[in-house]
Colleague: 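Next up is a structure, given as structure tokens.
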2 protein chains.
Amino acid sequence: MNIGEAAARSGLPPKTIRYYEEIGLVNPARDTNGYRAFRESDVHKLSFLERARALGFTIGDCRALLSLWEDDSRASADVKAIAREHLAEIDAKISSLRQMRKTLDDLIGKCAGDDRPECPIIERFAHGAEPVTETR
Amino acid sequence: MNIGEAAARSGLPPKTIRYYEEIGLVNPARDTNGYRAFRESDVHKLSFLERARALGFTIGDCRALLSLWEDDSRASADVKAIAREHLAEIDAKISSLRQMRKTLDDLIGKCAGDDRPECPIIERFAHGAEPVTETR
DNA sequence: CTTGACCTTCCAGTTACTGGAAACCCTAGG
DNA sequence: CCTAGGGTTTCCAGTAACTGGAAGGTCAAG
């Protein structure tokens with residue numbers, strides 16, 4: 001099958017599939033005309049990548065996960081370890097975003113949002129402030 | 001003052017300050033020896049940038065915020081609009097991360113994490129699954 | 001035989017820096 | 001006066017993971 005169909009079936013854009021080939025994640029055969037010829041196994045792999053990426057795993061993680069997938073003698077502990085590390089990163093991102101969100105929301109609430117120039121948001125950037133955490 | 005001191009006072013690495021100059025966010029004077037000569041106003045601007053970036057505003061947003069800061073006849077509504085849009089993006093990211101987190105956490109909970117190959121995480125990537133949202 | 005949809009490669013751009021190399025400048029110590 | 005160090009300069013390259021676009025080859029339909 002051509003790249004268009006592989007794209008439709010894996011959920012990845014053709015551009016991305018070409019990129020994945022370039023970095024060695026997939027290795028489709030070639031027709032005599034030079035077109036990539038995807039087998040079922042290639043599509044399966046691409047779908048695997050699509051799902052792992054959708055959960056936020058990096059390409060590096062995906063590479064490791066793929067090789068574990070193909071390793072019949074893998075230990076699920078190895079997979080779990082990768083997933084745990086990723087979960088920790090997600091948690092870190094969420095908490096950083098939540099802190100931002102809190103501060104920002106607070107500032108937005110204090111800003112009149114009218115045609116006058118006074119603005120606590122700009123003030124904050126201009127002069128800094130103690131963390132919002134100062135509850136009493 | 002030289003870039004080192006400007007860096008110490010603004011909280012930004014020298015590299016970043018040079019980058020900000022390159023993209024036109026700051027424009028420090030130069031000494032006869034070619035060294036950048038930062039005035040108080042430059043440091044103030046750099047600190048502004050550091051704080052806005054810490055809240056996750058893009059460089060583009062920062063550019064807009066800076067020019068509003070310098071505009072005495074600004075309307076706080078314009079600042080607020082930028083902040084609101086950014087807040088919406090943060091919310092979108094948080095909810096996307098939360099969805100990932102939930103799915104991932106669920107899978108991790110189901111994985112034995114021992115030396116056997118069976119692994120719900122890998123299975124999920126290999127065969128997909130309905131969203132976890134299917135409560136009942 | 002032409003048209004339009006696909007496909008190919010290659011180059012560039014995105015975001016916001018960061019690392020490193022080669023070389024210049026300045027100051028303090030000997 | 002020389003040197004050693006630390007700070008500074010510019011420039012080039014790399015990061016993550018694609019994405020857009022140009023120029024051109026291929027294929028099936030009409």
Side-chain angles (χ1 to χ4, degrees), chain A residues 1-38 42-43 45-46 48-66 85-86 89-90 92-93 96-97 100, chain B residues 1-38 42-43 45-46 48-66 85-86 89-90 92-93 96-97 100:
Chain A
M1 101 192 60
N2 285 345
I3 200 169
E5 195 184 336
R9 291 181 46 189
S10 66
L12 292 170
K15 278 279 189 188
T16 299
I17 296 177
R18 290 192 195 100
Y19 172 67
Y20 284 175
E21 182 188 25
E22 190 185 322
I23 62 174
L25 284 179
V26 285
N27 192 27
R30 294 287 180 144
D31 280 340
T32 50
N33 60 11
Y35 285 20
R36 288 169 182 82
F38 294 84
D42 293 318
V43 173
K45 212 167 184 175
L46 289 170
F48 183 104
L49 289 166
E50 197 277 327
R51 294 186 197 107
R53 290 287 300 132
L55 279 190
F57 285 95
T58 64
I59 292 288
D61 287 339
C62 289
R63 215 182 281 277
L65 290 168
L66 265 186
E85 268 190 50
H86 181 45
E89 270 160 31
I90 289 177
K93 265 186 205 158
S96 151
L97 285 170
M100 284 183 196
Chain B
M1 99 191 64
N2 286 346
I3 200 168
E5 195 184 337
R9 291 181 46 188
S10 65
L12 292 170
K15 279 276 189 189
T16 299
I17 297 176
R18 292 193 194 99
Y19 172 68
Y20 285 174
E21 182 188 24
E22 190 186 321
I23 63 174
L25 283 179
V26 285
N27 192 26
R30 296 285 181 144
D31 281 342
T32 49
N33 60 10
Y35 284 20
R36 288 168 183 82
F38 294 85
D42 292 319
V43 174
K45 212 167 186 175
L46 289 170
F48 183 103
L49 289 167
E50 197 276 329
R51 294 185 197 107
R53 290 286 300 132
L55 280 189
F57 285 96
T58 65
I59 293 288
D61 286 339
C62 289
R63 214 182 282 276
L65 290 168
L66 265 185
E85 267 188 50
H86 181 45
E89 270 160 31
I90 288 177
K93 265 185 205 160
S96 149
L97 285 170
M100 284 182 196

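None of the values given here were measured: they were computed from a predicted structure. Atoms considered below: every heavy atom in the structure, side chains included; atoms not considered: hydrogens, waters and symmetry mates. Every chain is numbered from 1 and lettered A, B, ... according to where its sequence line falls, protein lines coming before strand lines.
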Colleague: Does B/Thr58 put a side-chain nitrogen or oxygen below 4.0 Å from OP1 or OP2 of C/dT15?
Modeller: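 No.
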
Colleague: If I take atom CD1 in residue A/Ile23 and atom P in nucleotide D/dA17, what distance separates them, rounded to the nearest angstrom?
Modeller: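 Atom CD1 in A/Ile23 sits about 8 Å away from atom P in D/dA17.
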
Colleague: Could you tell me the separation between the CZ atom of A/Arg36 and the CD1 atom of A/Ile17, rounded to the nearest 0.5 Å?
Modeller: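 Answer for the CZ-CD1 pair, A/Arg36 versus A/Ile17, is 9.0 Å.
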
Colleague: Just checking B/Pro13: base, sugar-phosphate only, or nothing, at a heavy-atom cut-off of under 4.0 Å?
Modeller: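 Sugar-phosphate, no base atom in range.
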
Colleague: Take the protein atom CG of B/Leu12 and the nucleotide atom C1' of C/dA16, then report the distance between them rounded to whole Å.
Modeller: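 B/Leu12 atom CG is separated from C/dA16 atom C1' by 12 Å.
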
Colleague: Base, sugar-phosphate, or nothing for B/Arg53, non-hydrogen atoms under 4.0 angstrom?
Modeller: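 Since only primed, P, OP1 and OP2 atoms lie under 4.0 Å of B/Arg53, the category is sugar-phosphate.
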
Colleague: For B/Lys15 and B/Tyr35, find the nucleotide of DNA chain D closest to each by heavy atoms; which residue's nucleotide sits nearer the 5' end?
Modeller: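 Between the two, 5'-proximity favours B/Tyr35.
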
Colleague: Would you kindly give the CG-to-P distance between B/Asn33 and D/dT9, to the nearest whole Å?
Modeller: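 Rounded to the whole Å, the gap is 8 Å.
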
Colleague: Under 4.0 Å: is that the gap between some side-chain N or O of B/Arg18 and OP1 or OP2 of C/dA16?
Modeller: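 Looking at the OP1 and OP2 atoms of C/dA16, neither is under 4.0 Å from any side-chain N or O of B/Arg18.
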
Colleague: Rounded at 0.5 Å granularity, tell me how far OH in B/Tyr19 sits from CG in B/Leu25.
Modeller: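 Reported value, rounded in 0.5 Å steps: 8.0 Å.
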
Colleague: CG/A/Leu46 to CD/A/Glu21 distance, rounded to the nearest 0.5 angstrom?
Modeller: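 That separation rounds to 10.0 Å.
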
Colleague: Just verifying a value: how many Å separate A/Lys45 NZ and A/Phe38 CZ, rounded to the nearest 0.5 Å?
Modeller: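 So the NZ of A/Lys45 and the CZ of A/Phe38 are separated by 11.5 Å.
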
Colleague: Expressed in angstrom and rounded to an integer, what is the separation of B/Asn2 atom CG from C/dC25 atom C1'?
Modeller: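 Rounded to whole Å, this separation is 10 Å.
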
Colleague: Are A/Arg63 and A/Thr58 close enough that some pair of their side-chain heavy atoms sits under 4.5 Å apart?
Modeller: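 Side chain of A/Arg63 against side chain of A/Thr58, heavy atoms only: no contact under 4.5 Å found.
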
Colleague: Would you mind reading off the distance between B/Tyr19 atom OH and C/dT15 atom C1', rounded to a whole angstrom?
Modeller: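 Taking atom C1' of C/dT15 as the reference, OH of B/Tyr19 is at 7 Å.
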
Colleague: Measure the distance from CG on A/Asp31 to P on C/dC6 and round it to the nearest whole Å.
Modeller: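 Whole-Å distance recorded here is 17 Å.
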
Colleague: Assuming nearest nucleotide by heavy-atom distance, tell me which of B/Gly60 and B/Thr32 is located more 5' along DNA chain C.
Modeller: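 Here B/Gly60 is the residue nearer the 5' end.
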
Colleague: Under 4.0 Å from OP1 or OP2 of D/dA17: is there any side-chain N or O of A/Thr16 that close?
Modeller: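 No, A/Thr16 has no side-chain N/O under 4.0 Å of OP1/OP2 on D/dA17.
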
Colleague: For A/Leu55 and D/dA17, give me the distance from atom CG to atom C1', rounded to whole Å.
Modeller: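 Answer to the nearest Å: 17 Å.
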
Colleague: Between P on C/dT15 and CD1 on B/Ile59, what's the gap in Å once rounded to a whole number?
Modeller: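 Taking atom P of C/dT15 as the reference, CD1 of B/Ile59 is at 10 Å.
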
Colleague: Heavy atoms only, 4.0 Å cut-off, all strands: where does A/Arg36 land among base, sugar-phosphate and nothing?
Modeller: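 The residue A/Arg36 makes sugar-phosphate contact but no base contact.
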
Colleague: Please classify the nucleic acid contact of B/Tyr20 as base, sugar-phosphate, or nothing, using heavy-atom distances under 4.0 Å.
Modeller: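 Sugar-phosphate, no base atom in range.
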
Colleague: Measure from the side chain of B/Arg30, starting at C-beta and using heavy atoms only, and say which of C/dT8, D/dT9, D/dA17 lies closest.
Modeller: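 The nucleotide sitting nearest to the side chain is D/dT9.
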
